[in-house]
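Have a look at the structure below before the remarks.
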Amino acid sequence: MTDLITPELARSEPGRNNLGGQPYAYRRAELVEPDWTRLPGWKDVTAEEWRSVQWQRSHCVKNVKQLRDVMGDLLEDRLYDDLTRDQAERATMSMLLPPQMLNTIVPNGAADYTEAFYADPVRRYMLPVFSDRRTDWPSHPHATRDSLHEHEMWATEGLTHRYPTKVLAEVLPTCPQYCGHCTRMDLVGNSTPVIDKLKFVAKPQTRLDDMLDYLRRTPGVRDVVVSGGDVANMPWPRLEAFLTSLLEIENIRDIRLATKALMGMPQHWLSSDVLAGVERVASVARSRGVMLAMHTHVNAAQSVTPLVAEASKAMLEAGLRDVRNQGVLMRGVNDSIPQLLDLCFALLDGANITPYYFYMCDMIPFSEHWRVSVRDAQHLQHGILGYLPGFATPRIVCDVPYVGKRWVHQLSEYDEVRGISYWKKNYRTGIEQQDPEALNRTYEYYDPIDTLPREGQDWWTQHAGNHLAEAEARAAASRTAAEAQKLLDIN
């Protein structure tokens with residue numbers, strides 16, 4: 001096994017890097033699958049069971065009691081109480097954690113398991129607790145449940161046409177795992193006490209047919225991101241049929257499958273029926289000159305295990321053009337240069353996954369403890385340049401409301417005191433075709449208020465009003481809206 005060099009070791013022993021004195025010392029690390037039998041609830045689970053996607057799905061952790069059943073007496077009651085309160089008062093996503101993901105939290109064990117569990121980066125975004133959240137600014141005054149306004153840009157139900165040549169197809173509203181920071185928290189997953197989720201109205205096949213019909217009628221679209229939710233939750237025959245129909249549309253030249261499950265439940269993508277289906281679709285894509293790729297979502301190096309690498313390589317061997325990672329930049333998870341580089345090298349060296357994007361966490365309710373400022377994102381982008389191959393150097397992007405992805409250095413103006421950045425765009429979204437000012441207007445994005453200098457924080461205190469009460473009122477309004485939609489669906 002190759003020696004693992006940590007960022008701390010690199011700083012204390014710069015001579016171990018053959019250039020000496022570099023801010024980051026590279027040393028390839030061997031991937032390791034954490035021993036799941038260290039957890040009391042899984043002490044008797046066999047390797048065969050662990051590799052079974054049916055076992056993984058049926059043993060997902062969905063509530064605090066099930067977490068206790070797995071962790072036994074490793075964790076103190078205070079953590080369970082913290083988690084319970086968050087689920088009741090702050091969580092915008094319900095709990096759903098596959099064994100594969102839970103096993104990567106505190107992967108090597110710890111003398112003080114509770115403190116290590118609290119500090120763990122995977123835990124911080126997959127199992128948020130109340131004490132993680134900020135109490136001064138838990139939500140930004142401009143936070144919204146659909147922060148990117150994707151629903152406003154639906155060409156058909158679930159098909160967002162924001163960019164001129166690209167669409168996002170939300171083919172289903174569920175995932176094998178639910179991330180606390182999910183940008184589609186208004187639609188994806190089960191309702192929580194804070195957020196009553198919106199529901200698709202049309203029947204699943206009708207929605208897919210409507211999407212295909214729109215794409216046939218819209219030759220300017222060449223690129224389809226097939227997402228949700230997570231495509232790993234769609235029965236493979238239905239997904240294959242949809243992909244096959246996409247491949248029959250002449251103007252579609254790029255198809256990207258979006259699935260965090262490549263990391264969260266690689267067992268799905270290693271299933272023989274799924275592998276055979278991917279190979280069939282990839283073969284058709286190659287014959288028609290269509291680029292078929294997979295996009296996954298890994299935020300911490302410890303999540304890249306041998307099973308993840310096996311699944312990624314299986315996808316490439318089945319014929320996908322590429323497997324790429326789109327992570328989310330989050331405080332306490334991956335907001336340092338060593339953390340980002342460790343992750344990128346684990347993906348690239350260990351799993352043949354190309355680091356592609358890191359998105360700044362979106363302005364959804366109760367997410368301020370995760371978000372970083374544009375200034376810090378710029379610093380991180382600068383810090384990772386030069387270590388990775390150019391094709392595998394991820395771009396850190398800000399997904400600006402009503403604009404879309406922008407590299408963090410592309411802003412037009414930046415008021416660092418108030419934390420307001422101003423952005424422009426070079427295309428009209430699907431709702432601005434007749435807007436003559438769309439390309440001249442500036443659009444705003446907001447830094448987390450607690451990261452601002454005192455002058456900026458005071459300004460927001462004076463101008464934001466009772467932000468917590470307003471955030472909770474918006475949550476209540478979302479519940480009312482969801483109830484109104486339910487009545488419409490019934491009628």
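If you read the sequence from its start, that first residue is 1, and numbering goes on from there.
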Under a 4.5 Å cut-off applied to non-hydrogen side-chain atoms, are [X] and [Y] in contact?
| X | Y | result |
| --- | --- | --- |
| Tyr387 | Pro23 | yes |
| Thr354 | Val323 | no |
| Tyr402 | Thr429 | no |
| Trp137 | Pro448 | no |
| Leu74 | Val106 | no |
| Val188 | Lys197 | no |
| Leu452 | Trp459 | no |
| Leu380 | Ile337 | yes |

Kindly write out the residues that satisfy side chain to side chain contact (heavy atoms under 4.5 Å, CB included) with [X], not counting sequence neighbours, or none if the list is empty.
| X | answer |
| --- | --- |
| Gln302 | Pro107, Asp120, Pro121, Val122, Ala300 |
| Arg124 | Asp132, Val333 |
| Pro453 | Val417 |
| Ala438 | Arg428, Glu432, Asp435, Arg441, Tyr443 |

Please confirm whether [X] and [Y] have ring centers closer than 6.0 angstrom.
| X | Y | value |
| --- | --- | --- |
| Tyr427 | Tyr163 | yes |
| Tyr446 | Trp460 | yes |
| Trp42 | Trp50 | yes |

Can you tell me how far [atom2] of [Y] sits from [atom1] of [X], rounded to the nearest 0.5 angstrom?
| X | Y | atom1 | atom2 | result |
| --- | --- | --- | --- | --- |
| Thr104 | Trp36 | OG1 | CH2 | 13.5 Å |
| Leu347 | Asn352 | CG | CG | 10.5 Å |
| Phe117 | Leu83 | CZ | CG | 8.5 Å |
| Asp73 | Met71 | CG | CE | 10.0 Å |
| Thr451 | Arg375 | OG1 | CZ | 5.5 Å |
| Lys313 | Leu270 | NZ | CG | 12.0 Å |

Name the atoms and distances for all side-chain donor-acceptor pairs under 3.5 Å in residues 165-182, with sequence neighbours left out.
from, atom 1, to, atom 2, distance (Å)
Glu170, OE2, Trp154, NE1, 3.3
Thr174, OG1, Asn233, ND2, 3.0
Gln177, NE2, Asp230, OD2, 3.3

Minimum heavy-atom separation for [X] and [Y], please, with both atom names.
| X | Y | result |
| --- | --- | --- |
| Pro266 | Gln100 | CD-CG, 3.5 Å |
| Asp447 | His140 | O-CD2, 3.5 Å |
| Ala377 | Met360 | CB-SD, 3.9 Å |
| Tyr113 | Ile105 | OH-O, 4.1 Å |
| Thr84 | Val64 | OG1-CG2, 3.5 Å |
| Leu262 | Ser312 | CD1-N, 4.1 Å |

Side chain to side chain donor-acceptor pair (under 3.5 Å) between Arg38 and Asn103, worked out: CA-CA 9 Å; Arg38 76 189 187 283; Asn103 190 43; 2.6 Å; yes
Please check this pair: side chain of [X] against backbone of [Y], looking for a donor-acceptor N/O pair closer than 3.5 Å.
| X | Y | answer |
| --- | --- | --- |
| Asp146 | Glu150 | yes |
| Arg145 | Met185 | no |
| Gln410 | Trp407 | yes |
| Asp82 | Phe130 | yes |
| Lys62 | Leu96 | no |
| Arg133 | Ser139 | no |
| Asn63 | Lys65 | yes |

Results of salt bridge (Lys or Arg N to Asp or Glu O under 4.0 Å) for [X] - residues two or more places apart only:
| X | result |
| --- | --- |
| Glu33 | none |
| Glu444 | none |
| Arg78 | Glu76, Glu115 |

Within 6.0 Å of NE2 in His379, more than 12 heavy atoms from elsewhere: no
Residue His409 excluded, over 12 heavy atoms near NE2 under 6.0 Å: yes
Partner residues of Gln87 under the side-chain hydrogen bond (donor to acceptor under 3.5 Å, both in side chains) criterion, sequence neighbours left out: none
Trp370: partners by side-chain hydrogen bond (donor to acceptor under 3.5 Å, both in side chains), with sequence neighbours left out: none
Carboxylate-amine/guanidinium proximity below 4.0 Å for Asp254 and Arg321: no
Electrostatic pair Asp81:Arg85 at N-O distance under 4.0 angstrom: no
Intermediate values then yes/no, side chain to side chain donor-acceptor pair (under 3.5 Å), Asp349 and Tyr26: CA-CA 11 Å; Asp349 294 346; Tyr26 167 78; 2.6 Å; yes
Test side chain to side chain contact (heavy atoms under 4.5 Å, CB included) applied to Phe345 and Arg28, step by step: CA-CA 8 Å; Phe345 284 120; Arg28 183 173 179 179; over 6 Å; no
Result block: side-chain N/O donor-acceptor pairs under 3.5 angstrom for residues 324-331, not counting sequence neighbours:
from, atom 1, to, atom 2, distance (Å)
Arg324, NE, Asp322, OD2, 3.3
Arg324, NH1, His295, NE2, 2.9
Asn325, OD1, Val298, N, 2.6
Asn325, ND2, Val298, O, 3.1
Gln326, OE1, His295, ND1, 3.1
Arg331, NE, Arg371, O, 2.6
Arg331, NH1, Asp450, OD2, 2.9
Arg331, NH2, Glu368, O, 2.7
Arg331, NH2, Arg371, O, 3.2
Arg331, NH2, Asp450, OD1, 3.0

Salt bridge (Lys or Arg N to Asp or Glu O under 4.0 Å): pairs with one or both residues in residues 383-410, sequence neighbours excluded: Arg162-Asp399
